[in-house]
Each structure stands twice: as structure tokens, then as C-alpha cells.
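Numbers restart at 1 for each chain; the letters A, B, ... are given by sequence-line order, proteins then strands. Keep in mind that this is a model prediction, so the values were computed, not measured.
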Amino acid sequence: MALPEKYKSPYDASLVEESIYKKETESGFFTPENLVKAYPSRYEKSEAWTTITPPPNANGHLHAGHALDVTLKDVIGRFHRMNNKRVLMIPGSDHAGFETQVVYEKKLEKEGRSRFGMDRDLLYKEIYDFTIANKDTVAGEVKRIGASYDWSRDTFTLDAKVVTGVQDTFIKMYNDGLIYRSKRDVNWCSKHQTSLSDLETTNKEMTDTFYTFKIGEFLIGTSRPETKFGDKYIVVHPEDARYSKYTQGDTFEAEWILGPTKFTIIKDESIDMEFGTGAMTITPWHSGIDFQIAKKYNLDMVQVIDENGKLMDIAGELKGLRAITEGRKRTVEILEQKGLLVEKNEKYTHVVPVCYKCETPIEPQLKDQWFVKMAPLAEKALEASTKGEIDFVTDQFRKTYEYWMSNPIDWNISRQIVWGIRIPAWFKNKGTDTEEYYIGHDNPGGEWIQDIDTFDTWFSSGQWPVATLGFVGADDFKTYYPTQLMETGRDLIFKWVPRMVIFGLYLTDYKQVPFKDIYLHGMVLDPKGQKMSKSKGNVMSPIELADEFGMDALRMALVVGTTPGSDQSMSKDKVRAYKKFVNKLWNISRFVLENTDNENEWDKSIIDNEYINKLENVKMNIGLYIEKYQLHLASEELYHYVWHEFADVVIEDVKKDLTDANKAMLRYMLKEILTMAHPFMPFVTEEIWSDVRNDGEVELLLVKEW
RNA sequence: GCGCGAUUAGCUCAGUUGGUAGAGCAACUCAUUUACACUGAGAAGGUCGGGGGUUCAAGUCCCUCAUCGCGCACCA
């Protein structure tokens, strides 16, 4: 057989990748039902192997982390498909509620517009169009990586069936007593005008001034004087000898910001006697801990700062001032004039919670929101781990998970944003004392108005394994649930993984976990080991890397040396090194194709030599490693074998004496190498396979039997 | 403060259940129309962070200290 012309030049990925992916897609084999149709003997009675892919946010481009994510799953998935499992990998995208809205708000800002005051439906429509356009870009990039995902099952979190299903879950949970409405302190971002879950805030160390003021005989320390207008309780520890003359509920009058004020003594054990003077005032509306105390003793709670971060009526002449800047300054001035300022420590460093998107300090507010009662759900999720129903590839994450599930905090799922799934709750006299609500999809008739809030995005993505399979009862659900693998970034150990377990268990009456194995990969860092970010300008686009070095090279670079859970550095040098490897494979194939042909078919069963033994041993190891999710070992073994055994030893040895038997052996070994390499480097291997395969063999390596 | 992880060759990292230290990259020496220069051959390079313990045997298990990184929670 004449050597195809293309082998006379180095491998050029740009000439083959698109057409290979097209061939693979058109084969239909990304859809498991088609595997059964085409190869019933292999797939009809085989096990299903399913993984639900984490939906990339439909609001931007793919970053290096996504590329790793897709590559790891695709390597494992392709391996299992070749091993006769009915592999189903479901792609999707997430509307990413708050994330996307923030991105869109920035866009609006640039255009000199603002979401506030915008018509709700119009804003939703605009973000929808924006997201749908981006969604296709992202899907295109996932395909570029070679993901053998079943696109016929592509799911978007705002597809009608998902929206309805997610709302059904809320209704079911409400009826089961797992959802309640409560006025509680929530994390309020005054810039984005929405409440946030505890996981959507982050901590920032700040240096502020710490003030000590005098209230009667008490010395009160605070870094937030501007919240103190409504304070009228002094809280001390019951065993604090300094205040033993007071009893619970004693009152006294003292000069305060706006004049003489009546204070009441509260004694509570939560007070740290060592801190300052062991006495504090409380601001229940704007502090979680204070709220707990106020609730315990049924104390008055007053709002001081409004949702825009400005002082309210209670601040008298200071009303309308931005609380933490001008409001604080003026409050201190007033207290200083009255001679109540005792001390100012300007170097007080403390950690304050801030919005994870804009770093605006969180202003706790009391608001009526929907909460999920986490304790009973977390208990089941904890059991799933302790009983071994879910398995973590690295045990460190089990510890984190179990700690988290042992200390659950109720989850605020209301978001005051437009972009998301509406909460199926209807109100009469909302926000008043006579508020009534009704839970259901449709207006019960009359004066009811639907809650304008949307769900926290994790309320829907937490149901992803169930939702992508059409929810409980659907055919797909019956066939493919529970899934085998959840592979995602280790940063999602809190936000996403436990919630999927919780929803998966809950929706199956606590019978079935959503997935068995949990593999969490680390972050992809820049060559210096730093986090990639737009502001640092060190972002490496996977698509651009693939343009330069080829996707197979990038896939190898992402997999080799990547231990589960550990971060890794990505560098051009690394990708370049694997481009060389891809080309090495290309040249090996050139040699074999040049010197052998289809006549040289070889039956391995009649010859047993050292080379073949080694090959089979390597193949077995690679398979075992992949099954154990040790892709770094599998890929290294492959690399080493192909280059330093097959090329450097076998070919060098055999080429001196190209007997028919040797030719046949080379051809056989090349096919085996292509098989082993295919999960890692699907493009180049398919391309070579099309030249080396025999008439009786499968057209695509994608479905070649391992 | 609590938790998790890391510390192995110049750099980036592997090292399965304890059994004589590995790879890639870089650097060094040699080879030069070879299937492939996106190459080959060779040599060099490490008291596995410090200290202690268990063991016939420790990079690996236990304790402790140090440094770095990450996560979570916080005191008004």
C-alpha cells in the first residue's frame, strides 16, 4: 500500500480535528442506544456507564479548568465505551443565575444603563438572548476538545422540563416540611441588591477604626458606630462579677447618639468576658449573632440601614447618608462632641464578609426568605458517605464533605434577581402582618401575586443528575440513574457536590445516591503556579493552546502529571512537549505504514514473544490505572511505552530485519497502541486508524473493543 | 481559632498495600540526509523540610516542630 501523502509532513492537527469530530458525531455512537443497535452482542446486555457533566456557565468562554474537566471525563468515558459499557455522558449548560446577572449588569453599566428600574420581563429577555448566544459558543468549545458527549440529550437549566421539575421539587419539599419561610438575617449585598447564601460570601481582611464609647457606666466597643442608633440593650455575661449588681431586665437611662435613651440589661452566656469590657450592645437587624440573642429574649429589632446601604429615619438628621462612610464619620463626631467617645484604635484589623463578586461588605438584613431545612437532609448525605455508598477518589475530600454534612446550616434559596427560575409561591398582602402564601405552580385565583424572587442557582444545579435524566420516573432516569462518576473541580466540594447528593437522595426517597464515585480535580494554574485571572493577565485559553499545538497535545498535557485533587501548572512548554509526542506517534505510524500493508495480518495467539508480553502488560496497566482514576499514571505509562519501548527498542530492533512476521507484528502492535492511546488522543489516533484498519474492523476507534 | 494539603534532582511533579529513589523539562557530552531534528545514544544530578518513634526494613506508618498554600468560622 502506498504511503498516504500526509505522512510525509509532520502531523498537522488543524487539518484533521474538525473532520474527525464530525465523523465521530455522525456515527451516532455518543448516544448509547446507537451502540446497542450497531453492536448488540457487545452492548445489549452490558452495563450502563453514565456521567453527568458539570454545566459550564453559559456566560463566557471556556477556560483551562473546563478543558481539564472535559478532558478527564472524556478519557474515562472513551475508555469505558471501548470496554463495552453503554457510555452516556450528558452535556449541558447552567444559566448561573447570579453569576450571569453580574456579567450582564457590567455590560449594562458600560452602555450607561442599569437593571434597576428596568422592566422585569424585558431584562429577563435581554439576559436570555445574551445567554443563549454564549451557550452555543461554549458548546462549540466543548466539542472542540473532543468530548464524546451525547448532544442529543444536551440540557439547559432553563429548559421548560427542568424549570417545572425544579419547581416540583420545591413544592414537594415544602409539603414535606423541609422548606420554610422565615424572617432571618441574610447576607445582603447592597450593590447587587440581593441576598446571598453563606457560600456566596467571602472574607476579606480589613483595617478599620475600633471605637470605644461610654453608655452610662458601660464601655462599649464597636467598629460599626453607624449601626448603633437603635441599640437599647446592654448584654453582659451572667457570671461577670463587674456587673453582678445588675439583674436580667434592669433598665437605666443614659445619654446616647440622639439624646437620652433607655437601656435594658440582658445577661447571656454568649458574651466573651475577656473581650474589651465584657459588655456590648446589640444590633439585631444587622448582625447575625445579635439577631440570635434578640430572638432568644424576644427583643425589639429595628432596621437602621436600608437596602441601598443608607441610614434610615431612625438616624434622625443623619438619614439618607451612606452608612459606612459618611454615616459612620458623622455618628462618631456626634458622640465625640457629647464626650462619649473614650478611645479610638485606628489599627483594628478584622475579617469582614464581602460579596464574592464585588467585594462590597455584606450588610446583614432581616428579610423574609425561603429556607431549606438542612439538618435532616444532611444527615442522609452524611450516611451515604460513612456507609460507602459514595466514594471519593481522594480521601481528603471525604473528610471535608463529612465535616460539612455534620454541621449543616439552613440554606437561603431566595434571590432578589430576575435571572433564574421563579419560585412557585403566591402571596396575598406580602410583607405585611396579614401575609398569606400559597405554594403551587399556578395562581390559586383572585388577588394572589407570585413571589418575584428566583431560586439560588445551586437549587437547580443541585438537581442536575436528576434533571438531565428527566427527573424520577422518566425512562432515562430508570436506565441511567444512579450514575457512575461525578468529576468536577475541587472548589465545588461545598457549593455543588453535597447538594447533588442531598437532592438525589431526597428525590428517590433516600434510596439512591446520584453517583458512586466522586473525582475532584484541582485548579489549572499559570506557569508560575498562580491562579489564572483576567486582572493578572495570565489567562491561557485552551482553544488558543489547541490552535497552536493541537488538541491531542493539550489533552495529554492536561492529563499527564495531574494527580486527583492537586492543582497543576499549565505552560506552553508542557503542551509543546506533548505536541512532539503526538508527532512521534505520527512518525511511528508512518514507518509502519510505509513498510507493511494489509496483507501483513498477524495472529498474536501463535506467537509469544517478549515484545508482545510487554505490550500486553502495559495495556493492562493502563486499563487498571484508568479504572482507578489514576490518569496521570496511565498517560505516563502510555507515553513512556510508545516512545521509549516501541519506537526506541522494538522498531529499532525490527527494522534491521523486516521479515513478514516482523511486519505483521509491527502492524498488530501499532493497532494496539492506537487503541490504548485513543482515550487520551482521540484525533490523531482516529486519523491513523483510518489508514491502518482492515476491512473487517470497526471504522472508528471510538467503538473499537479495548 | 478549626480543618485540609504540600515540603523528593536546577524547575514541574510521580512514587499503588513499608522492601535498593523515578519521569518530564532544563543543563552537559557525543551522533547527523535517520520512520521521526517535533531525532538518537550516553553521562551527571537527591543525607526524600528538621527532630523523635514503631519496624528486620520508613520517602511511605505514628508523634512533634518549621515553612508555604488552600478552605471554613469568627468578638461586639
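- In terms of phosphate contacts, A/Lys399 brings a side-chain nitrogen or oxygen within less than 4.0 Å of OP1 or OP2 of B/G5.
- Distances were taken from every side-chain heavy atom of A/His640 (C-beta onward) to each of B/U12, B/A23, B/A35; the shortest belongs to B/A23.
- Distance noted for atom C1' between B/U17 and B/G1: 37 Å (whole Å).
- The pairing partner recorded for B/C4 is B/G69, the criterion being a Watson-Crick or G-U wobble arrangement whose two distances lie under 3.5 angstrom.
- One P atom belongs to B/G49, the other to B/A44, and the distance between them is 24 Å to the nearest Å.
- Taking the six-membered ring for Trp, A/Tyr639 and A/Phe581 have ring centres closer than 6.0 Å.
- Of the P atoms belonging to B/C65 and B/G3, the separation is 12 Å, rounded to the nearest Å.
- In this structure, the nucleotide among B/U16, B/A35, B/G71 sitting nearest to the side chain of A/Phe494 is B/G71.
- With distances taken from any side-chain atom of A/Thr222 to the nucleotides B/A76, B/A41, B/A35, the minimum falls on B/A76.
- Shown here, B/A35 forms no base pair; nothing in the strands shown gives a Watson-Crick or G-U wobble contact with both key distances under 3.5 Å.
- Here the side chain of A/Tyr639 is nearest to one of B/A76, B/C25, B/C36, namely B/C25.
- Proximity of a side-chain donor or acceptor of A/Asp208 to a complementary backbone N or O of A/His350 within less than 3.5 Å is not detected.
- Of all nucleotides present, only B/C28 satisfies the Watson-Crick or G-U wobble test against B/G42, with each distance under 3.5 Å.
- Listed nucleotides B/G15, B/A73, B/A35 differ in distance to A/Lys655; the shortest reach to its side chain belongs to B/A35.
- Closest contact between the side chain of A/Lys584 and the listed nucleotides B/A35, B/G15, B/C72 involves B/A35.
- Annotation: the span from A/Met556 atom CE to A/Thr562 atom OG1 amounts to 10.5 Å, rounded to 0.5 Å.
- With P as the reference atom, B/C56 and B/G15 are 28 Å apart, rounded to whole Å.
- Proximity note for A/Glu652 (side chain, C-beta onward) versus B/C75, B/C36, B/A76: the nearest is B/C36.
- Look at A/Trp643 and you'll find a side-chain N or O under 4.0 angstrom from OP1 or OP2 of B/G40.
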